[in-house]
Amino acid sequence: MALSRYLACLAALPLLVCPLIATTQAQTTDAQKTLIVAVPSDPANLEPGANKAEPIGSEIILNVFDTLVAWSAPDFSKLEGRLAKSWTVSPDGKEFNFQLREGVKFHDGTPFDAEAVKFSLERTKAINSYVQATFGLIRTVSIPSPTELKISLSEPYPAFLSILAQPQAAIVSPAAVKKFGDKFAVNPVGTGPFAFTSYRADTNVVLDANPNYFRGAPKLARVIYRVIPEASTRRLELENGGVDVIQQQGQLSAIPVEEMAAFKSNPRISIVEAPSQIIRQLEFNNNDPKSPVADIRVRKAIAHAIDYDGLLQGVFGGVAERVYGPLTTNSWAFDPKLRDAAPKYDPQLAKKLLAEAGIASGKLNFKLYSFQGPLWGAVATFIQANLADVGVNATIEQTEFPAYRALQTAGKFDIALDGRQPWYNDPDAHITIGYLSGLADTAMTFRMPKDDALDALILKGQQTVDPDERKKLYSDIQEKIVARVPAAYLFSPKLIVFMRANVKGLVINSAPPLNEYWSVYKN
């Protein structure tokens, strides 16, 4: 379902109700069993098949739906079965055989079975171009029996199980899809611990507990996502008990560092934080020969103009880490040599490179696109000042998320602050989707120009089964990407969740950085 059409549905349906769960759980308003989560905006989509990794909608999806496998708490380093009881992988890495759970039902009463999995995965592959690089590898999905599923890939893909833990791989009710058609996105039906109950545009999304959840009923009776655009209002609501959870997580409308510090001395607030694999960068339009940044000397000049350490200390105060290339330093495939190879703050070198490119001081003008929110505004202002120091003029344009993604996909920018948020713990999550030139002109890529040699190397890294050989390949790939300067890599924000002190049982997953509330309770 197209986003514009989806939003039109939301506007036309200010209050939507899932009948089955609503009738069985309409009386779940006990404050002690209701968790209120503050979010900066409406979800972009609640449809797994069309999901494009938008954080709010993705988190709701993972609480309403189940996937075949999921990352195991508390360290999230291994996958565990969810709708799959067990699985085997062929030695060549191309065949995956699953044994599915029995007795599970969707929220609409439809029994879960292998047909539902086949329907869901094939549907996502067909309608979601965003996952072409991963779901596109699925050659066949066959069903030996109602509790058995076999997936065959066209190429070996070691990260495929991780792909099946993503929101896009969530298993939907085929009966509900048939019933609601294009309106399934506003009537989502899964097997998850919470069932969708209602949505009010610009107000909230309400989920109620699924008492028949196969892992056991959630401790909470209701989860409400309250839309509160202003970061300062979210902070006040948390302090006053109007909401229970604020998610920082380096998101689009984060709370400023100085306000975050105030929480540390508040005994009514608890803080959970963890390193992330999120990357924020100043991205160049790498696929527009008419842009000034088509000249690598200009890209290098901008990369050397940025005071990375000053940014980390001045804007983030210790809640972010430096990024040196296309992978974070906590990735198993990160090559430490990148610490030396990455551009360093050197304004004089930046001026020299601009002069070599034939650009006089004060003659280069950019629109610096950024997401909205005070933290993004602070980063944009810092970069703007750095560029001014080397004679580059930048006018900041803060843009809402949907508009920004449309602008990026259309290639109507020269430089823009952007981020990559991996959805599985594998370098493939950053490298293939971000840098494969065959995916240029789609959202979330670096719009890389055609490069057969680099593409071949990226695909080899994606498909190589041996872990040691893969790591060597990704070292080579990182070196080649950094040499092309497709972005100025800035920082990796820590994942931070602020909660009322009586909220217990929440653990943070770094990839994807989405909270599941099945284990959460209030005392």
Side-chain angles (χ1 to χ4, degrees), residues 279-315 322-326 338 340-372 376-399 403-404 407-419 435 437 440-441 445-451 454 479-491:
I279 293 178
R280 303 306 190 199
Q281 69 272 340
L282 179 65
E283 195 164 305
F284 305 128
N285 187 343
N286 298 291
N287 205 17
D288 181 1
K290 297 180 180 178
S291 171
V293 297
D295 188 329
I296 193 172
R297 294 170 296 187
V298 176
R299 302 201 299 273
K300 286 182 175 178
I302 292 174
H304 282 291
I306 296 171
D307 180 2
Y308 300 95
D309 292 338
L311 177 66
L312 293 176
Q313 292 303 316
V315 175
R322 174 79 196 271
V323 177
Y324 302 92
L338 270 291
D340 296 324
K344 296 176 177 58
Y345 178 47
D346 190 338
Q348 295 308 314
L349 177 57
K351 293 177 182 178
K352 180 173 180 290
L353 288 164
L354 289 171
E356 289 176 1
I359 297 174
S361 180
K363 297 298 183 182
L364 188 55
N365 302 293
F366 287 118
K367 281 187 178 180
L368 171 54
Y369 288 98
S370 165
F371 294 112
Q372 292 183 317
W376 281 105
V379 174
T381 302
F382 190 93
I383 300 298
Q384 181 187 46
N386 282 168
L387 295 179
D389 288 343
V390 299
V392 175
N393 305 310
T395 302
I396 298 172
E397 296 273 345
Q398 287 196 282
T399 308
Y404 176 78
L407 179 140
Q408 186 190 44
T409 304
K412 295 179 179 178
F413 71 100
D414 293 308
I415 59 174
L417 287 167
D418 198 4
Y435 299 93
S437 67
D441 303 335
T445 76
F446 284 70
R447 300 182 61 79
M448 298 296 282
K450 186 173 174 56
D451 190 330
L454 182 60
E479 182 180 357
K480 286 180 166 52
I481 288 176
V482 168
R484 287 163 171 76
V485 200
Y489 299 99
L490 301 176
F491 60 92

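The minimum heavy-atom distance between G310 and D307, with the atom names listed, is N-OD1, 3.0 Å. Closest approach of G419 and F371 over heavy atoms only: N-CE1, 4.5 Å. Closest approach of R297 and L353 over heavy atoms only: O-CB, 3.7 Å. Residues M448 and A440 approach most closely at O-CB, 3.6 Å, considering heavy atoms. Among all heavy-atom pairs drawn from A305 and N386, the shortest one is O-CB, 3.3 Å. Of all the heavy atoms in A483 and I296, the pair that sits closest is O-CD1, 3.6 Å.
Looking at K344 and D346, no side-chain N of the basic residue comes within less than 4.0 Å of a carboxylate O on the acidic one, giving no salt bridge. Electrostatic pairing of D451 and R484 counts as a salt bridge here, judged by a charged N lying under 4.0 Å from a carboxylate O. Under a 4.0 Å N-O distance rule, the pair K367/D414 does not qualify as a salt bridge.
Remark: K290 pairs with no residue by the salt bridge (Lys or Arg N to Asp or Glu O under 4.0 Å) rule, at least two apart or across chains.
The distance from atom CG of L349 to atom CG of L354, rounded to the nearest 0.5 Å, is 9.5 Å. Between the CD1 atom of I396 and the CD1 atom of I383 there is a distance of 9.5 Å, given to the nearest 0.5 Å. Here OH of Y308 is found 11.0 Å from CZ of F382. Values are rounded to the nearest 0.5 Å.
F284 is not listed as a side-chain neighbour of V298, based on a closest heavy-atom distance of 4.5 Å or more. Using a 4.5 Å heavy-atom threshold, the side chains of L454 and S437 count as separate. For the pair L490/L417, a side-chain contact is recorded, criterion being any heavy-atom separation below 4.5 Å from C-beta on. Annotation: side chain of T395 is not in contact with side chain of F366 (no heavy-atom distance under 4.5 Å). Considering only heavy atoms from C-beta on, N393 stays 4.5 Å or farther from L364 through its side chain. At least one side-chain heavy atom of R322 sits under 4.5 Å from a side-chain heavy atom of L312. Residues V379 and S370 form no side-chain contact, since every pair of their non-hydrogen atoms from C-beta on lies 4.5 Å or further apart. Within the 4.5 Å cutoff, side-chain heavy atoms of R299 are placed close to those of N286.
Using a 30° and 60° split on the angle between ring planes, W376 and F491 fall in the tilted class, from 30° to 60°.
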Report task. Evaluate side chain to side chain contact (heavy atoms under 4.5 Å, CB included) for L282 paired with I415, printing each intermediate quantity in order. Result -> CA-CA 7 Å; L282 179 65; I415 59 174; 4.2 Å; yes

Requested in this report: Begin from the C-alpha positions of I279 and Y489 and carry the test side chain to side chain contact (heavy atoms under 4.5 Å, CB included) through to its verdict.
Outcome: CA-CA 8 Å; I279 293 178; Y489 299 99; 4.2 Å; yes

Query raised in the report: Going through the distances and angles, do R447 and E283 end up as a side chain to side chain contact (heavy atoms under 4.5 Å, CB included)?
Result: CA-CA 10 Å; R447 300 182 61 79; E283 195 164 305; 5.6 Å; no

Report task. Apply side chain to side chain contact (heavy atoms under 4.5 Å, CB included) to the pair T399 and L407, showing each step before the final yes or no. Result -> CA-CA 10 Å; T399 308; L407 179 140; 5.6 Å; no

Query raised in the report: Can F446 and Y435 be said to form a ring-ring contact (aromatic ring centres under 6.0 Å, His included), step by step?
Result: CA-CA 6 Å; F446 284 70; Y435 299 93; 4.4 Å; yes

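The side chain to side chain contact (heavy atoms under 4.5 Å, CB included) test with D418 is passed by exactly one of F413, Y369, Y404: Y404.
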